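Note that the coordinates shown come from a computational prediction; the quantities given were computed from them, not determined experimentally. Reminder, nothing fancy here: chain letters follow the sequence lines and each chain counts from 1.
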Amino acid sequence: MAPKRKAPAVSGRASKRVASGVSTPVSLDSDDDYSGSEGNESTGPNSAAPAEYDNVIKSYQPSSTYVPKKGKQPRDAADQLFRADRDFSDQQLKPDHHLRPLWLDPVHGKVVLETFSPSFKQAQNFLINIAEPLSRTNNMHEYTITAHSLFAAVSVGLTEQDIVRQMELFSKTKLPDSIIQYVHKVTQSFGKVRLVLKHSRYFIESNDASVLQMLIRDPVISTCRLEESNELQTEKAAKMGPLVIPGTKEAHGNKEAQARKEQQQQQQRQREKDDEDSDDEFGGQAAEQDMTEFLREEEDDDDLDEVHSFEIDGGKIQKVQQQCNVYLELPLTEEYDFRADVENATLDIDLKPATQIRYYQEHALSKMFGNGRARSGIIVLPCGAGKTLVGITAACTEKKSVIVLCTSATSAGQWRAEFIKWSNVNPDDVIIFTSSEKGRVPLRACIIVCTYSMVTQNTRRAYDSQQTMDQITKREWGLMVLDEVHVVPADMFRRVTERIKTHSKLGLTATLLREDDKIKDLNFLIGPKLYEANWLQLSEEGHIARVQCAEVWCPMTIEFHSEYIQAKTTNKRSLLSIMNPRKFQACQFLIDFHERRGDKIIVFSDNVYALKQYAEGLKKPYIFGDTGQRERDLVLQNFQYNDAVSTIFLSKIGDTSLDLPEATCLIQISSHYGSRRQEAQRLGRILRAKRRNDEGFNAFFYSLVSKDTMEMYYSSKRQAFLVDQGYAFKVITHLNGIDSMPNLRFETQDEKMTLLTDVLLQSETAGDEEKIVDDLFSDRSTFRKAGGGGRKGGGSGVKRQAGTLSSLAGGEDMAYLEYQRGSRSNKELAKPKNAFFSKEARERERRKKAQRDMLL
DNA sequence: GAGTTCGGAA
DNA sequence: TTGAATCCGAACTC
């Protein structure tokens, strides 16, 4: 028997959630015993909590029957990390705790996983199912158990017993009652109620009539009902046999694939065996069982029951979902029994025989189709790991009409191409619906690929697109694939789930995060997160590239820094820190270094002015929003095929809309505040590097940061996601060899000063272009006034004139002249047509010429 | 094809 | 923790 040891206090993010919670049983002055956290019991100070707190309380973490040690008075700043509610030192450790990898926080539902533990792998597989990963660093992974994460666990087929049994197995301490009770409470209520689409009508369905009776009485839900009576409809539930997902081992009869598969399986078994061996040390029974087997076994257990239901208004689904999910903690699961569906036509589609999906894709799909039906939910895979193929395989499994939504017209085209590439679908059945390509929607089963905006457009719809839209909203879809699903919660995009009637929804994304809190809406708009891949694991296995991340600290020059200190606006400050000459030099050095290694380099800058300065200063081609399509293609083609062009500069246009499989090195010179998603997305640009399988290949990711500026703060914030994924950022404070580099820009004081004055001038006028442009008309102040406001202003008459100079260069005279001449509308006349006066036209010409010179 | 409008991002 | 300012793409119009 091991002596009683102290369990460490845990602190961190999850605890924040509880900070304001009424339920936290912390009290420094009360000796009352706490019988629970519900807050409406009459013991303890919480009894005073007003009734409206009820929901808040409910949504909190494990209802705690755990009573921590009585608090002590805080003594110093660090003391809050060891507050009474986080001090679990009185928890009894199991004798063989060193073999078990989990630390459980009985109050906040936080879990710390030791990666060096012998049973780390099984514990991780298990935790992925029941908890949200917060952070995965070298030695510790941090998870949190929430209502949603448990909901996801239940929805992929785990039972309360499975969860408790495994937790007990992995935990270093005896499983606290608070957690057992929480799991019980949550699993009892979750997965009980389903949302079902039948004959274009929506029903709330359950095997348990009493739950539905309760819902009918709910004031919000009752208003969403279609029938008046309290009678429920009742019918027998159907039962189905097992299902085979295409592209998996069961699906492949073919010998060769079989052999290959078997070899892989054998390796897999060997790996598992290794893991098991370590298991046996403490007799882990359940851990041996792979999660997918769990899923298969847990199938069809509700076949005996009758199914009860009531109908709700199709337009109020979101309201019902929100009510159930957020307030009643009774999330609606959406499952589509597509094999029993005879109403909707079957789509003739299958994966091409040679197509094999990777193990994690299969894993993800087995979560979706685990019980023979299609569950709605979200699958998280890093860029380049084959999200598209997951979507296509899902479509091939259901074999019903599919609608694919993507963010841009380009990616719509790519989806269509991928469908044709991987499956045997008739190309005529894959229809693109964007503003530039409006296919006709046939009545038969088909695949529609369209942009979100095409579906969500509210006003001014072209006639033919309205026609197509009607076709889409009128019919029932089997599967809706939402690409880049993290964009969906934005209020606009909510409409897609409202407008399109679909039986199942599959969300795909690489980065399930936003800086706002709308991300949690996904839980009821689409469904729970079904699967999330571990980036590091995939890169170790060679599915995506290995990446070295580094943050390069560039000291500010004295002049720049003193200007930075004095700068009044953040705009000026950020420009100064971006244009820091030392940073420019670092950039130049890194480009040179990697070009010589044979890398293809992308340099990102959010700031367009800086982008131009850097690119032109280094004589490299660049692309930003205003760059025309033809020019873009020219630059990209050269980047891809021309060895002389190894570096291109991109504005944030490159974040999403360009496909750049050649890139192997990425340098970031400025970025948008603390956006973790942008950082992750940019990293994603090099994950699909074609050369990733070369021996010892590494991709590189640099962030250039000016020291002693806000950039330092933002940079650390941005990295949070990647660090949580397990990436390590090296800090480089000095680039070896930069001092001896020939032709370094901004070496002389003169050059630096010129740059500084340029930057200062720019920062004063940035975003206000008309001020600097027009040297023909010198009295700026007058015509700016005359211009009638800026971008947002201008109630009547000519709108948005001041957006560019052109609107008012030479002021009203030009416009007036044209007005007189033609009979065009006001709007059109506001801008002078004469290219000579247009700064932008001149600028465009100049740029085109410069780029051509560079490329040819 | 160029320009306008709108909405999103964070 | 919030907001302004900026950039960008899609859809539509002519």
By nearest atom, which of the nucleotides C:dC8, C:dT1, C:dA10 is closest to the A:Ser435 side chain? C:dA10
Picking from C:dT6, C:dA11, C:dC12, which would you name as closest to the side chain of A:Thr434? C:dA11
A:Met454 side-chain proximity, nearest of C:dC12, B:dG1, C:dC7: C:dC12
Residue A:Lys652, side-chain atoms from C-beta onward, closest of C:dG9, C:dA11, C:dC8: C:dC8
Nucleotide C:dA5, atom C1' - distance to OH of A:Tyr609 in whole Å: 18 Å
Could you work out which one of C:dA11, C:dT1, C:dC8 sits closest to the side chain of A:Val608? C:dC8
Out of C:dA10, C:dC8, C:dC12, minimum distance to the side chain of A:Lys438 belongs to C:dC12
Just how far, in rounded Å, is C1' of C:dA11 from OH of A:Tyr463? 19 Å
When we call it a touch if two heavy atoms are under 4.0 Å apart, what does A:Lys717 touch: a base, just sugar-phosphate, or nothing? nothing
Interatomic distance where CD belongs to A:Glu437 and P belongs to C:dC12 [whole Å]: 14 Å
Separation of B:dG1 P from A:Asp633 CG (nearest whole Å): 13 Å
Here the distance between atom P of C:dA10 and atom CD1 of A:Ile653, to the nearest Å, is 9 Å
By nearest atom, which of the nucleotides C:dC12, C:dC8, C:dA10 is closest to the A:Ala409 side chain? C:dA10
According to the interplanar angle, ranging from 0 to 90°, do the rings of A:Phe649 and A:Tyr614 count as parallel (below 30°), tilted (30 to 60°) or perpendicular (above 60°)? tilted
Would you mind checking if A:Asp758 and A:Lys612 are paired as a salt bridge, meaning a charged N to carboxylate O distance below 4.0 Å? no
From the list C:dC8, C:dG9, C:dA11, which nucleotide is the closest neighbour of the side chain of A:Ser453? C:dA11
How are the rings of A:Trp415 and A:Phe419 set to each other: parallel, tilted or perpendicular (split at 30° and 60°)? tilted
Should the pair A:Glu437-A:Arg416 be classified as a salt bridge under the 4.0 Å nitrogen-to-oxygen rule? no
Please state whether the rings of A:Phe729 and A:Phe701 are parallel, tilted or perpendicular, taking 30° and 60° as the class boundaries. perpendicular
